[in-house]
**Q** 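This is the structure I have questions about; it appears just below.
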Amino acid sequence: MSYRATPSAGFHLPRLAQASYDDRATFSAEVSKDIVPKIITANGIDAATLGTEVTPGGYLLKTNASLQTEGDLDDAAADRLAGSLGYVFRQYRVLTSRLNDTTGKTGFVVVRFPQGSLNATVAQRFFEAADATKKGLGGGYAVFGDEQIFLNATNSEGKPYSGLDDASFQDGLRRAAVSFGGPKPMVSSLGNATARFIGNDWQRSTRGEGYQTLLGGSDGELVRKLDEISRCYAFLLATTADTKGWAKDE
């Protein structure tokens, strides 16, 4: 599951957009330690069986600190956990993916960098280089360790958001890797995977109804637990926003 710890809706944070990567990463690490395990436990999952790390993540040619939660879950449990994370953190959508599912219908490319060289700056540079190589490759990416992962994710009609078929998507990233300067990356794997977005339109469904339906309804036990966790998250966010000035009006 790929998502962000900083909210996309529901909080008045006019200066969050100007927050530095390091500040976002520090906040994400606190959320990973204090809030994410509570959400996992609320779903009836042993938090020790899942791993969560702070990594660079890209969306529409911008890199931000992201959270990646990884573990062995069936699709229903993964979607429910993704919905729980999106609900508490007020995300428009959370990406769930299974790269080892060769029967999936989503094309992917893994670009591997030399050990220890893939940081937020390098990831953003390659993100921009990929989009310059072929328009449509600047949609998004996730990072695990030294690997930058690009998924040719599709909408509800099965059409790629990138506007590229899988062959063009993969060819563009291959060419970007070949032409990219140091640190020198290589395409380490490509193929098909399972990937889908779990989400809620917070402008239309201001209480998170899209997530609540997946999670058993607004009066369900899981949503009640998540609402309590949301209050802990809101307190942590308010404390950080006060310190960093995120809530100050422009």
Side-chain angles (χ1 to χ4, degrees), residues 1-4 32 36 39-40 43-59 66-87 89 91-113 118 123 126-127 130 134 136-174 176-177 185-200 210-211 213-215 222:
M1 280 146 278
S2 303
Y3 54 101
R4 287 187 298 177
S32 174
V36 172
I39 298 173
I40 295 171
N43 276 265
I45 302 168
D46 181 357
T49 64
L50 302 182
T52 299
E53 59 181 302
V54 181
T55 75
Y59 178 64
S66 297
L67 289 174
Q68 312 292 336
T69 295
E70 186 176 21
D72 185 12
L73 300 173
D74 61 39
D75 286 351
D79 288 355
R80 191 165 54 248
L81 179 55
S84 299
L85 294 163
Y87 180 69
F89 300 141
Q91 301 294 296
Y92 276 91
R93 57 187 186 176
V94 173
L95 175 66
T96 66
S97 59
R98 193 188 304 275
L99 295 188
N100 61 359
D101 184 2
T102 58
T103 66
K105 297 181 179 180
T106 301
F108 77 91
V109 176
V110 177
V111 180
R112 180 177 294 163
F113 286 78
L118 182 56
F126 186 80
F127 199 20
K134 188 179 288 288
L137 297 179
Y141 72 84
V143 165
F144 284 94
D146 298 306
E147 295 180 330
Q148 193 168 5
I149 301 168
F150 293 82
L151 288 158
N152 197 20
T154 59
N155 62 20
S156 59
E157 298 175 350
K159 296 180 179 179
Y161 290 104
S162 67
L164 303 170
D165 60 35
D166 287 345
S168 297
F169 185 85
Q170 293 166 347
D171 177 66
L173 285 162
R174 269 196 300 255
M186 61 175 288
V187 171
S188 58
S189 62
L190 53 80
N192 284 1
T194 292
R196 58 193 172 276
F197 288 107
I198 309 299
N200 177 75
Y211 288 131
T213 299
L214 172 66
L215 303 174
L222 178 54

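All residue numbers refer to positions in the sequence shown, counting from 1. Fair warning: this is a prediction, and the values are worked out from it, not measured in the lab.
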**Q** The criterion is ring pair (Phe, Tyr, Trp, His ring centres under 6.0 Å); which residues satisfy it with Tyr211, sequence neighbours excluded?
**A**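 Tyr211: no ring pair (Phe, Tyr, Trp, His ring centres under 6.0 Å) contacts found.
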**Q** What's the shortest heavy-atom distance between Gln148 and Phe113, and which atoms?
**A**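 So the minimum-distance heavy-atom pair works out to OE1-CE1, 3.5 Å.
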**Q** Considering all heavy atoms of both residues, which atom of Gly140 and which atom of Phe150 are nearest to each other, and what is their separation?
**A**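 In terms of heavy atoms, the two residues are closest at O-CD2, 3.5 Å.
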**Q** Using side-chain heavy atoms (C-beta onward) and a distance below 4.5 Å, is Asn43 in contact with Arg80?
**A**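 Of all side-chain heavy-atom pairs linking Arg80 with Asn43, at least one is under 4.5 Å.
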**Q** Decide yes or no for Leu73 and Leu50: does some side-chain heavy atom of the first lie under 4.5 Å from some side-chain heavy atom of the second?
**A**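 The answer is yes; the side chains approach within 4.5 Å.
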**Q** Closest approach of Ser66 and Gly57, non-hydrogen atoms and distance?
**A**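 Between these two residues, the closest heavy atoms are OG-CA, 3.3 Å.
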**Q** With sequence neighbours left out, what residues match Arg93 under side-chain contact (heavy atoms from CB on, under 4.5 Å)?
**A**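 Applying side-chain contact (heavy atoms from CB on, under 4.5 Å) to Arg93 gives Tyr59, Tyr161, Phe197.
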**Q** Determine, stepwise, if the pair Val109 / Arg174 fulfils side-chain contact (heavy atoms from CB on, under 4.5 Å).
**A** CA-CA 9 Å; Val109 176; Arg174 269 196 300 255; 6.0 Å; no
**Q** Tell me, please, which residues at least two apart from Asp146 pass side-chain hydrogen bond (donor to acceptor under 3.5 Å, both in side chains).
**A**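 Partners of Asp146 by the side-chain hydrogen bond (donor to acceptor under 3.5 Å, both in side chains) criterion come out as none, since no residue qualifies.
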**Q** Can you list the residues that meet the side-chain hydrogen bond (donor to acceptor under 3.5 Å, both in side chains) rule with Ser168, with sequence neighbours excluded?
**A**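 Once residues adjacent in sequence are excluded, the partners of Ser168 under the side-chain hydrogen bond (donor to acceptor under 3.5 Å, both in side chains) criterion are Asp165.
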**Q** Write down the atom of Asn152, the atom of Pro160, and the distance for their closest heavy-atom approach.
**A**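 In this case the closest contact between Asn152 and Pro160 is OD1-CB, 3.5 Å.
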**Q** For residues Ala142 and Ser2, report the shortest heavy-atom separation together with the two atoms involved.
**A**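 What the structure gives for the nearest pair is CB-OG, 4.0 Å.
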**Q** Evaluate the side-chain proximity of Gln170 to Val187: yes if any heavy-atom separation is below 4.5 Å, no if none is.
**A**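 Val187 does not reach Gln170 side chain to side chain.
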**Q** I'd like to check Val111 versus Leu118 (side-chain heavy atoms, cut-off strictly below 4.5 Å). Are they in contact?
**A**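 The answer is no; the side chains never approach within 4.5 Å.
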**Q** In chain order, what residues pass the side-chain contact (heavy atoms from CB on, under 4.5 Å) check against Thr52, with sequence neighbours excluded?
**A**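 Counting only residues at least two positions away or on another chain, Thr52 forms a side-chain contact (heavy atoms from CB on, under 4.5 Å) with Tyr3, Ser32, Val36, Leu67, Thr69.
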**Q** Could you check Thr102, Thr106, Asp166 and say which one makes a side chain to side chain contact (heavy atoms under 4.5 Å, CB included) with Asn192?
**A**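 Looking at Thr102, Thr106, Asp166, the match for Asn192 under the side chain to side chain contact (heavy atoms under 4.5 Å, CB included) is Asp166.
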**Q** With Asp46, which residues qualify under side-chain contact (heavy atoms from CB on, under 4.5 Å), at least two apart?
**A**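 If we apply the side-chain contact (heavy atoms from CB on, under 4.5 Å) test to Asp46, skipping adjacent residues, the hits are Ala48, Thr49.
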**Q** Not counting sequence neighbours, which residues clear side-chain hydrogen bond (donor to acceptor under 3.5 Å, both in side chains) with Asn200? List them please.
**A**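 Once residues adjacent in sequence are excluded, Asn200 has no partner under the side-chain hydrogen bond (donor to acceptor under 3.5 Å, both in side chains) criterion.
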**Q** Among all residues two or more places apart in sequence or in another chain, which pass the ring pair (Phe, Tyr, Trp, His ring centres under 6.0 Å) test with Phe169?
**A**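 For Phe169, no residue satisfies ring pair (Phe, Tyr, Trp, His ring centres under 6.0 Å) once neighbours in sequence are set aside.
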**Q** For a side-chain contact (heavy atoms from CB on, under 4.5 Å) check, start with the C-alpha distance between Leu151 and Leu99, then their side-chain angles and the critical distance, and finish with the verdict.
**A** CA-CA 9 Å; Leu151 288 158; Leu99 295 188; 3.9 Å; yes
**Q** Give me the atom names and distance for the closest heavy-atom approach of Gln68 to Val143.
**A**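 What the structure gives for the nearest pair is CG-O, 3.7 Å.
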**Q** Checking Thr96 now: which residues fulfil side-chain contact (heavy atoms from CB on, under 4.5 Å) with it, not counting sequence neighbours?
**A**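 So Thr96 forms a side-chain contact (heavy atoms from CB on, under 4.5 Å) with Met1, Asp79, Ala82, Arg196, Ile198.
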**Q** With Ser156, which residues qualify under side-chain hydrogen bond (donor to acceptor under 3.5 Å, both in side chains), at least two apart?
**A**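 Ser156 satisfies side-chain hydrogen bond (donor to acceptor under 3.5 Å, both in side chains) with no residue once adjacent residues are dropped.
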**Q** Would you say Val94 and Phe89 make side-chain contact, with heavy atoms under 4.5 Å?
**A**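 Side chain of Val94 against side chain of Phe89, heavy atoms only: no contact under 4.5 Å found.
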**Q** Can you list the residues that meet the salt bridge (charged side-chain N to carboxylate O under 4.0 Å, His left out) rule with Arg112, with sequence neighbours excluded?
**A**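 Partners of Arg112 under the salt bridge (charged side-chain N to carboxylate O under 4.0 Å, His left out) test: Glu147.
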**Q** Can you find a pair of side-chain heavy atoms, one from Lys105 and one from Thr154, that are under 4.5 Å apart?
**A**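 A side-chain contact under 4.5 Å is absent here.
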